[in-house]
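These numbers come from the heavy atoms of this one structure, side chains and all, not from hydrogens, waters or symmetry mates. Numbered from 1 within each chain, the chains take letters A, B, ... in sequence-line order.
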Amino acid sequence: MTAKTLGGHPEIQVRALHKSFGDNEVLKGIDLEIGRGEVVCVIGPSGSGKSTLLRCVNLLEEPTKGQVFVGGTELTDPDVDIDAVRRRIGMVFQQFNLFPHLTVTENLTLPQRRVLRRGKAEAARVAAENLERVGLAEKADAYPSSLSGGQQQRVAIARSLSMGPEVMLFDEPTSALDPELVGDVLAVMRRLAQEGMTMMVVTHEMTFAREVADRVVFMDGGVIVEDGVPARVIGAPRHERTRHFLSRLLDPAMAEVEEETSNQVGGSD
Amino acid sequence: MTDTDAVVQPRKKGLTRRQKRSLSRGAQYVVFVAAVIAFAVSADWGRLKNQFAQADIAEQMFPDVITLALKNTVLYTLSGFAVGLVLGMVIALMRLSSVGPYRWFAGVYIEIFRGLPALLIFIFIGVAVPLAFPGTEIVGGTYGKVALALGLVAAAYMAETIRAGIQAVPKGQMEAARSLGFSPARAMVSIIIPQAFRIILPPLTNELVLLFKDSSLVLFLGVTLEERELSKYGRDLASTTANSTPILVAGLCYLLVTIPLGFVVRRMEAKAQEAVK
C-alpha cells in the first residue's frame, strides 16, 4: 500500500473488509487508506467488487467482516450513529437518484432542513451557492424529469455538497450518461478535486483517472490487485490482470474472445 | 382437417382474414343490438314509469334528499375514508416492518377485514362493541360508528394499496435519502410516502367510490331521522308513499357523485401513464 496521507490520520480507512451476498464472497479482505484531500479512483472489471467496496464505505452495504473508518469514526461499530456519520459523507449514484417529486432547489433544501435543521433562508442560500457551483443556477425551479442526465447528475452532486460533506463517494457517476454529457459532470468533479475535496471515485473514465486522481486502485475478483499513482497503475501496470483489463478497456474492438479466466482470484500485492 | 386446409390455402375461400374479421364483428354487433331492442320492447314501461318515475313524489323529496341524505352519505364516506387512510397507513407500515409480529398482525388484519362482508362489520360494531365495553360510547355517536366500521374495512384494502405504492418507489430513493443522513422513519415520511401517494392516488380514489356505496350499510346500525343517508332515506320514503320513485332518485344521487369521481380517476391514470413515458 502506498497510502499518501496528507493531513494526520487518513480520512477513509478500510481494514480487512469482507462482504458476502449469501455464498457469493464479493470482497475478500480489502485494506485501503485515503488521506485528506486525496482523490482515489477505483477501477476494475464489472463484478470486481468496486461498487460494493464504495457502498461499504458509507454502510449502504453492511460489511460481513472488517472495519470502516471515516474521519476517525468507526462506521462498523454497532453503536455508531450512522445517520450522523453519513452527513459527513456525500454519495453520488450512477442513477442520480434525485427526488422526482421535488424541484431542483427543493432537492437541495429539503435534506438540509430535515437532517441538518437549517433555517429556510440558510438552506436556500446554500442551495443557490451549490447550484451555481455546478453551473445550473438557471434550473433552480425545474423538476428533475425535465433535465438531461448530465444535468441531473450535477444537481445530485450539488445536493450532496449542500450537506457540507468532508468526503465524497462517486459510484460510476458517468456510466448512465450519453457520451456527450459525460464531460460536464467530469468537469464539476475535477473542480471539486482541485478545491481539495477527499474523493473516492469508482469509474471507467481512464482519462479522468489519469489526469485527476492522486492514486488509482485496480480491483479484480474482490481484492485490490494494484494501488499506486495513475502513471504507474494505468501507464505501467505491473500485473498481468491490470494490463489485460486496461487493454480491453482502452481498445474494446481488439479484445479477443477467451475463456472465463478473468474471474478467478489470485493474491493481492 | 378442413381447418388445416383453410390455413394452407386461405385465398381459395375468397375472403381475406381482414374481411372475415369485419364480417364476424358485424354479426356480433347485430346480435347485440337485437338483444337490447328485444329487452326494451318486452319490458312494461308504463308500469315501470308508474312505480319508479312519479314526478310529484320526486318533487317532494327535494331539497331533503340533497341537504340531508346526500350530505350524510358524503359525511359518512369522508369520515370512513379518513379513518381508513390513517389506519391503512399504519397497517401498511407494519406489513413492511422488519419486526416479525408487526408483519404477522398486519397480515392477519388484512385477511380478516378483506374477507368479511362490510355488512357483518357494521353489525359487529353495532352489537359487539357495546357488549364488550359496556358504558362506553363510540365518539361521535352514529357518525363515529360509521367512520369506524367503514374505516376498519377500508383500512384493509388501503393497506395493501399503500404497501404496493411504497414498494413501487425505486430502491435508489431510500438509498439516496439514507446517504444524505435521513433516518429510516424520516426518509419514509419526507421522501418515500409522498412519492408512493402519487402512484396510488387513482386506486385510493376508487376506494372512495366503494366506500361511498358501502355507507348505505349504516341502516343496520339504526339511525335517527336526522342521520339518514341516501339509501335509508329513499327506502323510508318509498314505503310511506308506496312507490319506488324515491329509490330511483336516491340512485341518481349516487351516480351524481360516483360518475365524476370515476372520470377524475381515469384522468389521473392517463396522466400517470404519460408521466411514465
Other residues, nucleotides, ligands: >12 heavy atoms within 6.0 Å of [X] [atom1]:
{"X": "Gln67(A)", "atom1": "CD", "value": "yes"}
{"X": "Arg267(B)", "atom1": "CZ", "value": "no"}
{"X": "Glu226(B)", "atom1": "CD", "value": "no"}
{"X": "Tyr102(B)", "atom1": "OH", "value": "no"}
{"X": "Phe21(A)", "atom1": "CZ", "value": "yes"}

Nearest non-hydrogen partners of [X] and [Y], listed with the distance:
{"X": "Ile82(A)", "Y": "Arg178(B)", "answer": "CG2-NH2, 4.0 Å"}
{"X": "Pro111(A)", "Y": "Leu180(B)", "answer": "CG-CD1, 3.8 Å"}
{"X": "His101(A)", "Y": "Pro194(B)", "answer": "CD2-CB, 3.7 Å"}
{"X": "Val115(A)", "Y": "Gly181(B)", "answer": "CG1-O, 3.7 Å"}
{"X": "Phe93(A)", "Y": "Ser179(B)", "answer": "CZ-OG, 3.4 Å"}

So which residue, [options], ends up with the most heavy-atom pairs under 4.5 Å with chain B?
{"options": "Leu102(A), Leu60(A), Val85(A)", "result": "Leu60(A)"}
{"options": "Arg159(A), Gln112(A), Met91(A), Arg88(A)", "result": "Arg159(A)"}
{"options": "Asp83(A), Asn58(A), Asn97(A)", "result": "Asp83(A)"}
{"options": "Ala156(A), Ser145(A), Pro100(A)", "result": "Pro100(A)"}

Checking [X] against chain B: side chain, backbone, both or neither under 4.5 Å from a heavy atom?
{"X": "Arg55(A)", "result": "side chain"}
{"X": "Ile89(A)", "result": "backbone"}
{"X": "Leu169(A)", "result": "neither"}

> Out of Ser190(B), Pro184(B), Ala187(B), which one racks up the most heavy-atom pairs below 4.5 Å with chain A?
Replying inline: Ser190(B)
> Between Ala177(B) and chain A, which part of the residue has a heavy atom less than 4.5 Å away: side chain, backbone, both or neither?
Replying inline: both
> If you measure from CD on Glu175(B) to CD on Glu61(A), what distance do you get to the nearest 0.5 Å?
Replying inline: 7.0 Å
> Excluding sequence neighbours, so at least two apart, what forms ring pair (Phe, Tyr, Trp, His ring centres under 6.0 Å) with Phe99(A)?
Replying inline: none
